[in-house]
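Structure record follows, encoded as structure tokens.
As the structure is a computational prediction, the values presented were derived from the model and not from experiment.
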Amino acid sequence: MSTEKNGRRPKALVIGAGIGGLTAAIALREAGLDVEIHERAGQLRAAGSGLSVMSNAVGALRSLGVGIDLESRGTTLDSYHVRTARGRLIREFPFPEIIERLGVPSVLITRSDLQQALLEAAEGIPLTLGSAASGFETEPTGGVRVTFEDGRVERGDLLIGADGFHSVVRRQLAGREPSQDSGYICWLAVVPYSHPRFAPGSVIHYWGSGRRFGLVDMGGGRLYWWGTKNMPAERSHDWKGAKEEILRTYAGWADEVVHAIEVTPEESVIAVPSRDRPFLERWGSGPVTLLGDAAHPMLTSLGQGSCMAIEDAVVLGRALRGAEDLPRALRRYEDERRERTRALVAASRGISDFEQSEGLRRPVRDAYFRFMPRAKLVRTLESSLTFTPPPFRTPPATGVAA
């Protein structure tokens with residue numbers, strides 16, 4: 001089925017070749033549009049981190065029907081434990097039970113492996129690197145013109161801003177906005193690793209006072225680890241410490257935590273501040289919309305940032321399939337996505353603040369999760385792990401089938 005505008009296939013310009021941008025390009029091509037991707041970076045190099053592509057995102061990708069097989073590139077989530085800093089169990093989360101009931105796996109995968117899978121699925125879609133958008137203007141007759149920093153101008157019928165936290169497209173739509181610092185730094189690394197207390201398919205979180213640490217199996221003998229530490233924004237945004245500070249931060253923690261840091265080369269550690277933005281109610285205007293972190297950046301506590309970008313992309317493609325009024329289809333996409341993403345942005349910030357508890361709040365946090373009724377925990381987790389395709393009615397195609 002193809003979408004046709006004035007006797008031709010409409011053209012979508014996607015700004016950004018991250019997880020959301022690549023998935024959007026694939027979904028839009030499947031919906032019958034011509035697509036071009038423009039990426040600011042001169043080469044695609046995913047940072048050394050890992051992702052949990054949860055069942056909702058895997059289900060969304062499967063609905064595209066383009067054979068993106070993530071399980072062969074990472075590993076499936078088989079267990080999820082939260083422990084104290086020294087390794088005592090606080091709670092085992094029932095992800096395997098929920099995943100089995102849904103019939104869709106959750107996949108633990110490096111960002112670079114996910115990016116490669118999407119690049120292969122997007123083969124044939126024009127991708128221009130070193131193509132930094134500087135602004136756009138809509139045309140009175142419909143469509144949009146995008147200007148790039150090198151002076152080039154590209155025209156399309158649609159513009160999708162998938163250009164991340166510092167989105168140029170969002171800034172023109174919404175103006176300059178403050179970021180919200182979460183009060184801590186995140187250290188990240190992917191490293192070869194094995195330890196007798198770390199089983200394949202494991203996700204283990206360790207909670208201390210104002211500090212957390214995570215071990216996530218990436219398959220193939222690779223570990224993705226992350227650590228957090230409460231820290232003033234002026235330091236976390238420009239951290240210039242060394243691995244020795246990280247080792248001091250987790251001194252006396254479970255052996256598998258300390259070992260993960262010890263075997264990691266200092267140059268492999270990435271330090272990033274943890275931040276989001278106030279939720280944006282209006283994502284677009286006319287032939288322009290936003291997607292992923294450009295639309296709704298969220299903290300990492302629920303592991304749903306990339307998953308929401310993937311869901312966005314799939315819903316966007318569904319909204320545009322067969323659409324004759326393209327701006328109206330974009331507003332349908334935004335309306336469909338707004339409530340789910342707003343809820344997860346708020347939940348990510350709330351759980352982040354709670355999980356980073358220190359002092360007297362720390363035992364309250366641990367007790368809350370230890371004694372939360374199982375039914376409530378299952379219900380909360382299952383809602384985020386379930387992707388429900390929107391009830392868009394696809395108009396009949398007019399024109400030549402794609």
Side-chain angles (χ1 to χ4, degrees), residues 1-40 64 122 124-128 131-148 152-164 167-174 280 282-296 309-338 390 392 394-395 397-399 402:
M1 178 179 293
S2 70
T3 301
E4 193 172 284
K5 184 178 177 64
N6 299 325
R8 62 175 176 79
R9 289 158 60 107
K11 175 182 172 182
L13 302 175
V14 176
I15 307 300
I19 303 307
L22 290 173
T23 310
I26 297 164
L28 293 174
R29 180 175 63 181
E30 292 302 304
L33 284 75
D34 289 334
V35 187
E36 291 181 5
I37 310 171
H38 294 269
E39 167 58 42
R40 171 180 293 272
L64 290 176
I125 298 175
L127 167 59
T128 306
S131 188
S134 57
F136 67 87
E137 58 182 89
T138 56
E139 299 177 330
T141 56
V144 61
R145 291 164 56 88
V146 180
T147 303
F148 295 86
R152 289 178 302 110
V153 176
E154 295 285 349
R155 187 199 175 278
D157 298 292
L158 295 172
L159 172 62
I160 313 301
D163 45 343
S167 170
V168 169
V169 180
R170 174 173 174 144
R171 185 164 65 241
Q172 186 167 333
L173 287 168
L280 185 65
R282 185 167 173 262
W283 296 2
S285 176
V288 182
T289 196
L290 301 172
L291 180 149
D293 281 352
H296 45 72
I310 290 169
E311 283 193 12
D312 285 351
V314 172
V315 173
L316 176 64
R318 285 176 173 266
L320 287 165
R321 182 181 291 269
E324 295 182 0
D325 186 333
L326 299 180
R328 183 181 178 189
L330 295 185
R331 305 294 86 77
R332 293 170 70 202
Y333 148 73
E334 293 161 7
D335 290 344
E336 176 65 29
R337 295 300 296 158
R338 193 173 292 110
F392 297 153
T394 302
T398 57

| query | Below 4.5 Å, heavy atoms only, C-beta onward: do Leu320 and Leu158 meet side chain to side chain? | reply | yes
| request: Measure across Pro10 and Leu326 and return the closest heavy-atom pair with its distance rounded to 0.1 Å. | output: CB-CD1, 3.9 Å
| query | Which pair of heavy atoms, one from Ala294 and one from Gly161, lies closest together, and at what distance? | reply | CB-O, 3.4 Å
| said: Does any part of the side chain of Thr128, heavy atoms only, come nearer than 4.5 Å to the side chain of Glu154, both counted from C-beta? | reply: no
| Minimum-distance pair of heavy atoms, taken over all atoms of Leu28 and Gly317 | CD2-CA, 4.3 Å
| field | Within-4.5 Å side-chain heavy-atom neighbours: Pro287 and Glu139 | value | no
| field | Within-4.5 Å side-chain heavy-atom neighbours: Leu280 and Leu173 | value | no
| request: Looking only at non-hydrogen atoms, find the nearest pair between Ser131 and His38 and report the distance. | output: OG-ND1, 2.9 Å
| Say you draw a straight line from CG of Leu316 to CZ of Arg332; how long is it, rounded to the nearest 0.5 Å? | 11.5 Å
| request: Check whether any side-chain heavy atom of Leu291 lies under 4.5 Å from a side-chain heavy atom of Tyr333, and answer yes or no. | output: yes
| task | List the atom of Gly292, the atom of Asp312, and the distance in Å for their closest heavy-atom pair. | result | N-OD2, 3.0 Å
| field | Sequence-distant partners of Phe136, ring pair (Phe, Tyr, Trp, His ring centres under 6.0 Å), two or more places apart | value | none
| From Trp283 CH2 over to His296 NE2, what is the distance, rounded to the nearest 0.5 angstrom? | 4.0 Å
| Would you say the side chain of Thr289 lies within less than 4.5 Å of the side chain of Glu334, judging by non-hydrogen atoms? | yes
For residues 11-26, run the donor-acceptor check on the side chains, cut-off 3.5 Å, and write out each pair with its distance to 0.1 Å, sequence neighbours left out.
unit_1, atom_1, unit_2, atom_2, d
Lys11, NZ, Glu36, OE2, 3.1
Lys11, NZ, Arg155, O, 3.2
Thr23, OG1, Ile19, O, 2.7

| If you measure from OG1 on Thr147 to CZ on Arg152, what distance do you get to the nearest 0.5 Å? | 10.0 Å
| Do side-chain atoms of Arg318 reach the backbone of Ala27 as a donor and acceptor pair under 3.5 angstrom? | no
| Could you give the distance from CG (Asp157) to CZ (Arg9), rounded to the nearest 0.5 Å? | 12.0 Å
| query | Just how far is it from atom CD1 of Ile37 to atom CD1 of Ile160, taken to the nearest 0.5 Å? | reply | 12.0 Å
| request: Report yes if some heavy atom in the side chain of Gln172 is under 4.5 Å from a heavy atom in the side chain of Val288; otherwise report no. | output: no
| said: Is it the case that the side chain of Asp163 and the backbone of Val169 share a donor-acceptor pair, with hydrogens and angles ignored and the cut-off at 3.5 Å? | reply: yes
| Does CZ in Arg328 sit with more than 12 non-hydrogen atoms of other residues, nucleotides or ligands closer than 6.0 Å? | no
| said: Closer than 3.5 angstrom, by distance alone: can the side chain of Arg331 be matched with the main-chain N or O of Gly286 as a donor-acceptor pair? | reply: yes
